[in-house]
Amino acid sequence: MLEDRARRLGLRVPICAVEPQNANGIFDTALPVVAAGPRATAEPGVPDATSAAAVVQSLDRAVDLVMSGAARALVTAPLAKSVVYAAGFPFPGHTEYLAARCATPDGTIPHPVMMIWSPLLAVVPATIHIPLAQVPARVTQDLLVQTGRIVDHDMRTRFAIAAPRLAFAGLNPHAGEDGTLGREDEDVVRPAIAALRAEGIDARGPRPADTLFHEEARAGYDVVIGMYHDQVLIPAKTLAFHDGVNVTLGLPFVRTSPDHGTAFDLAGTGRANPTSLLAALRLAWRLTAPGRAA
Amino acid sequence: MGFSTAISGRDRCVMGLAMGDPGGIGAELAARMLADPAISAVMQLVVLGNRRMLEAGAATCGLSPDLPDLPLARLSRDVILSERRHVMVEVGDAADLSHLVPGEPTRAGGAFALENFRTGIRLTDAGVLDALCFTPFNKYAMRLAYPSYQDEIVFISEILGTGDGVAEFNVADIWTGRVTSHVPLSQVASLISREAVLGRLIMTDRIMRAGGVAHPKIAVAGLNPHAGDNGNFGREEIEVIAPAVAEGRARGIDCDGPFSPDTVFVRATRGEFNSVLTMYHDQGQIAMKLMNFEKGVVLFGGFPFPICTPAHGTAYDIAGQGKAHPGAMRATLLLAASLASGKAAPAPVLESNAAVSA
């Protein structure tokens, strides 16, 4: 598949099929590829249900490698949800699948937390791909406390920030203006922040979301925890359109991915911008650099 | 330095300029507008506020405005026009202003700004003024003076007794309107109706044309993440927003969408659209405030007359230093005059610098 695409694009990339333990020695001469799953036959730009098995099996293989320590981190390229759904993939996306694979022996599944990271801004949406109308009901004190703990933990251990500062965005306009524009910021967000602070976590807010992202405000925190997808994706995309990396926190290993989709409209044209994928690889490398507490 | 008195023509615009929060840069901005030939070429300003405060602001800019006082009682459009130059109207009791603290929000400052604003709304409603602009408010100070103050739209609506179909627009290189504004997020989805979206589309198109944009091209943001991702994360795009966009197009409005909210502003700044219609407050405000849109203008549309203010704030940190950049204030007055004239005057050219120097 890779050789075929490289040929179509006129890229001269030597590719070498290897076993994982030999991969490191190959980089100087070729791109090492660990074969996994059946050969995919999809044409560029065409969603093809027969790809599903290859997609899932390569993901499985990668998880095995990173869980066993043979690989230091996992970087995933975008998958077409419609393709894997059609093949019976029972998870909303990569992230949930990875969490299920990380279940502890007693069956506990870790709570994966999505972070969008760029050099300018790190943001975490407490709720993700749900209708906006469902957001207020889904934003509970438990969810915010759990999210805050994971963010704090991974900012310390993976990002090596000794005392991470977590800024919570308010749910409502102007963070509810003392409850006059919605009670949730007073009744849910503020108590969650207080609970986190009681645990020694530097949680702040709730802050009005519209004045939380300019340069001066950004200097006052290490990460923003927003209440819903667009509250944090709008600033992330506006500030760093191509540089955003999706990092999954809360897993026993580092996982990053580019902050974009499959772009079937660009597939095979050579016009896909690799900036985000490169940033994802670079960040995965940085977060697992030797000597880092894990 | 004096200012131009060469305003001519019976149909020149009589523009109210209500002085806003006295702790900020408002008086300096007003003084600079009085001395601005681009302003006096098209309008006669009626400054509503306090002369001593205006003169103090002017002094920080090296200006000494020479404008006559007209009494608030018996003020009429003809009396103003007969002066053939900018005029001052004293509002309220100057003695109250002894409690002001420069650079801070105070109850006295809030009361001053509110009274000037209220007076301006009434005068414009009575036809004495053609349009109303104001220098920035401090909402905290407004609430010290008037605890139930919610926002400008509610306040104006209370005075005029009408608030149907009004909306706040942010005007810069890109015009931004929103379907819902200062409401809890939990109410947003239920307020997004086909009628509401279509009404805002029509209003956005109309007001942009009135403001001098010959070809409004409006991007409509979705409500849900990824504009609902074909219904996977909400159906409002399919059932409500897309039909409203189609109806808008059928009515000749150049609009498109719904688009994914997280990238619609990036697309607009790349030149695909000159307007974005958003569904709720933070959807638009987050992007706009990141894009230095404070150099632009806030327009309260849908009232019987134009009401505008600069999008930037009171800038307490640089008040009294003569450093405040007047670009947004100038754009505010020119836009309001253009809207009041009812014809498509050239859109105000916004300066590339931020309105307020850092």
Side-chain angles (χ1 to χ4, degrees), chain A residues 81-82 85 92 116 120-121 125 127-137 139 169-185 208-218 224 226-242 244 259-261, chain B residues 139-140 143 147-151 170 178 180-192 221-237 260-270 278-294 313 358:
Chain A
K81 294 188 167 68
S82 61
Y85 289 174
I116 304 294
L120 290 174
L121 178 68
T127 64
I128 310 178
H129 290 137
I130 60 171
L132 190 79
Q134 294 177 13
V135 166
V139 171
L171 176 74
N172 293 298
H174 310 168
E177 283 200 3
D178 304 319
T180 58
L181 297 177
R183 294 287 324 160
E184 296 90 343
D185 293 296
D210 60 345
T211 51
L212 190 47
F213 297 103
H214 59 276
E215 192 174 359
E216 200 181 318
R218 295 201 301 272
V224 168
M227 299 299 112
Y228 53 92
H229 182 275
D230 286 337
Q231 192 176 48
V232 294
L233 265 295
I234 288 172
K237 296 272 189 186
T238 302
L239 281 169
F241 189 73
H242 286 299
D259 177 27
H260 58 67
Chain B
K139 199 178 273 186
Y140 180 74
R143 287 183 181 155
S148 66
Y149 188 86
Q150 186 186 332
D151 60 24
N170 282 73
R178 51 193 194 233
T180 68
S181 187
H182 292 130
V183 297
L185 191 80
S186 58
Q187 294 177 16
V188 166
S190 64
L191 292 170
I192 301 297
L223 175 71
N224 295 300
H226 308 288
D229 189 28
N230 298 316
N232 285 324
F233 322 134
R235 298 202 51 85
E236 290 90 347
E237 283 80 5
S260 185
D262 57 356
T263 50
V264 68
F265 275 91
V266 176
R267 296 178 61 173
T269 55
R270 289 175 181 175
T278 62
M279 295 298 120
Y280 57 93
H281 180 276
D282 282 350
Q283 194 182 52
Q285 293 299 108
I286 290 172
M288 286 194 309
K289 292 194 176 176
L290 270 180
M291 293 170 162
N292 291 322
F293 279 31
E294 67 271 20

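Note on naming: letters A, B, ... go to the chains in the order of the sequence lines (proteins, then strands), and numbering restarts at 1 for each one.
Heavy-atom pairs under 4.5 Å with chain A peak, among B:Met279, B:Glu236, B:Arg270, at B:Arg270. Most heavy-atom pairs under 4.5 Å with chain A: of the set B:Val188, B:Ile192, B:Val266, this distinction falls to B:Val266. Between chain A and the options B:Ser186, B:Pro261, B:Gly284, the largest number of non-hydrogen pairs under 4.5 Å is found for B:Pro261. Heavy-atom pairs under 4.5 Å with chain B were tallied for A:Pro235, A:Pro173, A:Gly182; the largest tally goes to A:Pro173. When the candidates B:Gly228, B:Ser190, B:Gly234 are compared by the number of heavy-atom contacts under 4.5 Å with chain A, B:Gly234 comes out ahead. The most heavy-atom pairs under 4.5 Å with chain B, out of A:Leu233, A:Thr211, A:Asp230, come from A:Asp230.
Heavy atoms closer than 4.5 Å to chain B are found nowhere in A:Leu212, neither backbone nor side chain. Heavy atoms closer than 4.5 Å to chain A are found in the backbone of B:Ser181, but not in its side chain. Heavy-atom distances place the backbone of B:Val183, and not its side chain, under 4.5 Å from chain A. Contact of A:Ile130 with chain B is made through the backbone alone, with heavy-atom distances under 4.5 Å. Residue B:Arg267 does not touch chain A at all, counting heavy-atom pairs closer than 4.5 Å. A:Glu215 does not touch chain B: none of its heavy atoms, backbone or side chain, sits under 4.5 Å away. Proximity to chain A is absent for every atom of B:Gln187, based on heavy atoms less than 4.5 angstrom apart. The part of A:Glu184 that comes within reach of chain B is its side chain, from C-beta onward, which places non-hydrogen atoms under 4.5 angstrom from that chain. Neither the backbone nor the side chain of A:Val232 has a heavy atom closer than 4.5 Å to any heavy atom of chain B. Heavy atoms closer than 4.5 Å to chain B are found in the side chain of A:Pro136, but not in its backbone.
Ring geometry for B:His281 against A:His174 counts as perpendicular: the plane angle is over 60°, on a 0 to 90° scale with 30° as the lower cut.
Within the 4.5 Å cutoff, side-chain heavy atoms of A:Thr238 are placed close to those of B:Met291. Contact of the B:Gln150 side chain with the A:Thr180 side chain is not registered, since no non-hydrogen atoms from C-beta on lie closer than 4.5 Å.
Separation of atoms CE (A:Met227) and CG (B:Asp282) is listed at 11.5 Å; rounding is to 0.5 Å. In this structure, the separation between OG on B:Ser260 and NE2 on A:His229 is 7.0 Å, given to the nearest 0.5 Å. For the atom pair A:Lys237 NZ and B:Leu290 CG, the distance stands at 14.5 Å (nearest 0.5 Å).
A pairwise comparison of heavy atoms in A:Leu181 and B:His182 identifies CD2-O, 3.2 Å as the closest pair. In this structure, A:Asp210 and B:Gln285 approach most closely via the heavy-atom pair CB-CB, 3.5 Å.
A:Asn172 contributes a side-chain N or O that, together with a main-chain N or O of B:Leu185, makes up a donor-acceptor pair within less than 3.5 Å.
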